[in-house]
Enquirer: 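I'd like to ask you about the structure that follows.
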Amino acid sequence: MGGVNDLILKAARGEATPRPPVWFMRQAGRYQKSYRTLRERYTLPEIVRQPELAAQVTLSPVEELGVDAAILFADITTPLYGMGVDLELVEGKGPVIHRPIRDEKGVEALLPLEPEEAVPFVLQTIRILKRVLKVPLIGFAGAPFTLASYLVEGGPSRHFLQVKAFMYREEALWHRLMERLTEAMARYLKAQKEAGADLLQIFDSWVGALSPADYRRYVKPHMARLFQALKPLGVPVIHFGVGTMGLLKDMREAGGEVLGLDHHTPLPWAREVLGRVPVQGNLDPVLLFAPKEVLQREVLRILAENGGRPGHIFNLGHGILPKTPEENVRYVVELLKEVAA
Ligand code: CP3
């Protein structure tokens, strides 16, 4: 990749880099002045459906912060529109599903995903980005469990009671639902790779709601099949979840070239559990609200905890929160770049 910053690709392969590459989950969003201005005119789905706009939003953190990777601007729910799901993104709340899936009819109504027909705008956004980007582009999808949690709960949830009750009550039907979502996301990610994505990340954001025993029984086989389906694509895949310390070993076994660590997971502990597997993380997003000296101390602590081992992608433990001061995000990037100097 002549002239292109490929730090993240090297780190994802476990190769040594002069400094850890850095990007942020949710690096495009409401904490940015530029994004808030755009959102006065367009809703999130309107931005996502206009490739020129979606590409511009994807590029903004690369230009404003100097991060080492771009992440496609879309939402984990974007492909669900193409699967016959009636959903809405509610400001300050998240995705709301108007007819939650609770029975066989609901599962059967979930259509197979044909990415070129259902989400041509996502693929077009990737093609536009590939012409202008000087850093690698991350494509992404929600993991089957995390998507199922929205589809069954009908929206964001605290206890994940409905989705877990469904899983326990209707095990065979649950596996059918997971199979459909696995198949759809495998196709979606493959289409993103073919359009030009250099890496892929799978967000299993809410899987930490499960015990390790439940993860193994109800989720892990589907994740293993998803990663198996992605292997032939030949791009690194980052496997991320929140509250997943107790699941980390099983998540690694399920697959992914890189494991995402949340901020509850001590990095040295993860290194021990994972061996030589590259990791991504894991600054607490709330530290971006802390005074500079505290923020600096914690960034340096994470670097020290990694101890210069190859295969570290610097990131947060979860996404950037709305109202995060932009200058603090920029400061973290500068700090990482100073470390190399
Ligand atoms: O910069 C990036 O990271 C790329 C864009 C991106 C968005 N959503 C845009 C978005 C990504 C990677 C996502 C993933 C996503 N969406 C996840 C997984 C990551 C995570 O945080 O665990 C989840 C669980 C969702 C579901 C979702 N969509 C939630 C919980 C929300 C927030 C609701 C709110 O209003 O606070 C959304 C909406 C959403 N997706 C926004 C953005 C920028 C909010 C801003 C807006 O409404 O314009």
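Just so you know, ligand 1 is whichever comes first in the structure, and atom 1 is the first atom listed for that ligand.
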Enquirer: Between W269 and H264, is the ring centre distance below 6.0 Å?
Expert: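 So the answer is no for these two rings.
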Enquirer: How long is the straight-line distance from NZ of K164 back to CH2 of W174, given to the nearest 0.5 Å?
Expert: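 So the CH2 of W174 and the NZ of K164 are separated by 11.0 Å.
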Enquirer: When the aromatic ring centroids of Y31 and F24 are compared, is their separation below 6.0 Å?
Expert: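 No, the ring centres sit 6.0 Å or more apart.
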Enquirer: Given K93, R26, M25, which one has a non-hydrogen atom that is nearest to atom 31 (C) of ligand 1?
Expert: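 Selected option, by shortest heavy-atom distance: R26.
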Enquirer: Please determine, by modelled atom types, if T265 and D262 share a side-chain donor-acceptor pair under 3.5 angstrom.
Expert: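 Side chains of T265 and D262: pair found under 3.5 Å.
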Enquirer: Below 4.0 Å from ligand 1: does a non-hydrogen atom of Y35 turn up there or not?
Expert: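 Heavy atoms of Y35 do come under 4.0 Å of ligand 1.
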Enquirer: Just go through H318, R30, E91 and tell me whose heavy atom is the nearest to atom 44 (C) of ligand 1.
Expert: R30
Enquirer: Looking at K10 and A16, what are the two nearest heavy atoms and their distance?
Expert: CD-O, 4.2 Å
Enquirer: Can you name the atoms of ligand 1, numbered from 1 with element, that are less than 4.0 Å from a heavy atom of F140?
Expert: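 Checking each atom against F140, I get 11 (C), 12 (C).
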Enquirer: Are E108 and R180 close enough for a salt bridge, meaning some N to O gap below 4.0 Å?
Expert: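 So E108 pairs with R180 through a salt bridge.
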Enquirer: For W206 and ligand 1, does the shortest N/O to N/O distance drop below 3.5 Å?
Expert: no
Enquirer: Compute the shortest N/O to N/O distance between G92 and ligand 1 and return yes if it is under 3.5 Å, no if not.
Expert: yes
Enquirer: For ligand 1, which part of T58 has a heavy atom less than 4.0 Å away: the side chain, the backbone, both, or neither?
Expert: neither
Enquirer: In the protein, which heavy atom is nearest to atom 40 (N) of ligand 1, and how far is it?
Expert: D75 OD1, 2.8 Å
Enquirer: Output the list of atoms in ligand 1 that are nearer than 4.0 Å to some heavy atom of F203, sorted by atom number.
Expert: 12 (C), 18 (C), 19 (C)
Enquirer: So, is F240 polar-close to ligand 1, with some N/O to N/O distance under 3.5 Å?
Expert: no
Enquirer: Are K337 and E334 within salt-bridge range, i.e. N to O under 4.0 Å?
Expert: no
Enquirer: Tell me whether L72 reaches ligand 1 (any heavy atom closer than 4.0 angstrom to a ligand atom).
Expert: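 L72 counts as a contact of ligand 1 under the 4.0 Å cut-off.
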